[in-house]
Amino acid sequence: MGQCSKFQKSIYNALLKIPQGKVTTYKILAAHLKCRSSRAVGQALKRNPFAPQIPCHRVIASDLTPGGFKGKKNGAAIRQKLKLLATEGVKFTNGHLAEPAIIWRFHQEK
DNA sequence: CACCGATGTCCAA
DNA sequence: TTGGACATCGGTG
């Protein structure tokens, strides 16, 4: 972790607060970090050297599509992401999140 | 549906 | 120190 910037530490710390079975979005996460660019968050996650110990797979896009995983926006990596999420009880149907109600918003801390 | 600009951060030269 | 590249988003045509 010594190689990580404060920004990345904040991201990883926030990720660890997401309960199993819930997901958040790049935008929500960015807002929680007081960062106006969700893109910056996505780039940090791509660089995440600790996947999947740090649950970067619990972050999806705002339109409820899976987003990316392991640097890829589609392909085997995404299938693995969906599989991981399925293991945690998060289901996707027809390419989008089945139950938007499980989206984790940081405002309630529990 | 496709394109484009705004936005914060990281990395290589 | 600087210029491009991003696991994005929202607006617009």
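Letters A, B, ... mirror the listed sequences (proteins, then strands); counts begin at 1.
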**Message:** The test is side chain to side chain contact (heavy atoms under 4.5 Å, CB included); show your working for A:Tyr12 and A:Cys56 and say whether it passes.
**Reply:** CA-CA 8 Å; A:Tyr12 301 149; A:Cys56 48; over 6 Å; no
**Message:** If you compare all heavy atoms of A:Ile28 against all heavy atoms of A:Thr25, which two are closest, and at what distance to 0.1 Å?
**Reply:** N-OG1, 3.1 Å
**Request:** Keeping to residues at least two apart or across chains, list the salt bridge (charged side-chain N to carboxylate O under 4.0 Å, His left out) pairs with something in residues 88-98 of chain A.
**Result:** A:Arg58-A:Glu88
**Prompt:** What closest approach, in Å, do A:Lys70 and A:Ala77 show between heavy atoms, and which atom pair accounts for it?
**Reply:** CB-CB, 4.2 Å
**Prompt:** Taking NZ from A:Lys34 and C1' from B:dT9, how many angstroms apart are they, rounded to a whole number?
**Reply:** 18 Å
**Message:** What's A:Gly67 touching, base or sugar-phosphate or nothing? Going by heavy atoms closer than 4.0 Å.
**Reply:** nothing
**Request:** Looking only at side-chain atoms of A:Cys35, point me to the closest of B:dC11, B:dG8, C:dT8.
**Result:** B:dG8
**Request:** Under the side chain to side chain contact (heavy atoms under 4.5 Å, CB included) rule, what do A:Ile102 and A:Leu97 come out as? Steps first, then yes or no, please.
**Result:** CA-CA 9 Å; A:Ile102 69 171; A:Leu97 186 65; 4.2 Å; yes
**Complete:** With sequence neighbours left out, the residues meeting side-chain contact (heavy atoms from CB on, under 4.5 Å) with A:Leu82 are A:Pro66, A:Ile78, A:Phe92
**Message:** If I take atom CG in residue A:Asp63 and atom P in nucleotide C:dA7, what distance separates them, rounded to the nearest angstrom?
**Reply:** 16 Å
**Contacts of A:Lys22 that satisfy side-chain contact (heavy atoms from CB on, under 4.5 Å) - sequence neighbours left out** = A:Ile18, A:Pro19, A:Trp104
**Request:** Round to a whole Å and report the spacing from CD1 of A:Ile78 to P of C:dA7.
**Result:** 11 Å
**Request:** Let me know the distance between CG of A:Leu33 and P of B:dG8, rounded to the nearest Å.
**Result:** 13 Å
List, with names and distances, any nitrogen or oxygen atoms from the protein found under 3.5 Å away from nitrogen or oxygen atoms belonging to nucleotides 2-5 of chain C.
| from | atom 1 | to | atom 2 | distance (Å) |
| --- | --- | --- | --- | --- |
| C:dA5 | N3 | A:Gln43 | NE2 | 3.4 |

**Asked** For A:Phe7 and B:dG8, what is the distance between atoms CZ and P respectively, to the nearest whole Å?
**Response** 10 Å
**Message:** Which residue is it: A:Val23, A:Ile11, A:Leu15? I am looking for the one with a side chain to side chain contact (heavy atoms under 4.5 Å, CB included) to A:Val59.
**Reply:** A:Leu15
**Asked** Are the side chain of A:Thr65 and the backbone N or O of A:Ala61 linked by a donor-acceptor pair below 3.5 Å?
**Response** no
**Item:** From C:dA7, C:dT8, B:dC10, nucleotide with atom closest to A:Phe69 side chain
**Value:** C:dA7
**Request:** Give a yes/no answer on whether the side chain of A:Thr25 brings an N or O atom under 4.0 Å of OP1 or OP2 in C:dT8.
**Result:** no
**Request:** May I have the distance from A:Ile11 (atom CD1) to B:dG8 (atom C1'), rounded to whole angstrom?
**Result:** 10 Å
**Request:** Take the protein atom CG of A:Leu64 and the nucleotide atom P of C:dA7, then report the distance between them rounded to whole Å.
**Result:** 20 Å
**Request:** Output the distance between atom NZ (A:Lys73) and atom NZ (A:Lys46), rounded to the nearest 0.5 Å.
**Result:** 9.0 Å
**Message:** Assess the residue pair A:Tyr26 and A:Ile60 against the criterion (side chain to side chain contact (heavy atoms under 4.5 Å, CB included)); give the C-alpha distance rounded to whole Å, side-chain angles, the decisive distance to 0.1 Å, and a yes or no.
**Reply:** CA-CA 6 Å; A:Tyr26 298 104; A:Ile60 66 174; 5.6 Å; no
**Prompt:** Taking the six-membered ring for Trp, are A:His57 and A:Phe69 parallel (under 30°), tilted (30 to 60°) or perpendicular (over 60°)?
**Reply:** perpendicular
Review item, nucleotides 10-12 of chain C N/O atoms under 3.5 Å of protein N/O:
| from | atom 1 | to | atom 2 | distance (Å) |
| --- | --- | --- | --- | --- |
| C:dG10 | OP1 | A:Lys27 | NZ | 2.3 |

**Request:** Identify which nucleotide among B:dG8, B:dC10, C:dC9 has an atom closest to any side-chain atom of A:Arg36, counting heavy atoms from C-beta outward.
**Result:** B:dG8
**Message:** Let's test your reading of the pairing rules: Watson-Crick or G-U wobble, both distances under 3.5 Å, then write DNA chain C as a dot-bracket string with ( ), [ ], | and dots.
**Reply:** ||||||.||||||
**Message:** What is the separation between atom NZ on A:Lys70 and atom P on C:dC6, rounded to the nearest whole Å?
**Reply:** 17 Å
**Message:** Using a 4.0 Å heavy-atom cut-off, does A:Tyr26 contact any base of the nucleic acid, only the sugar-phosphate backbone, or nothing at all?
**Reply:** base
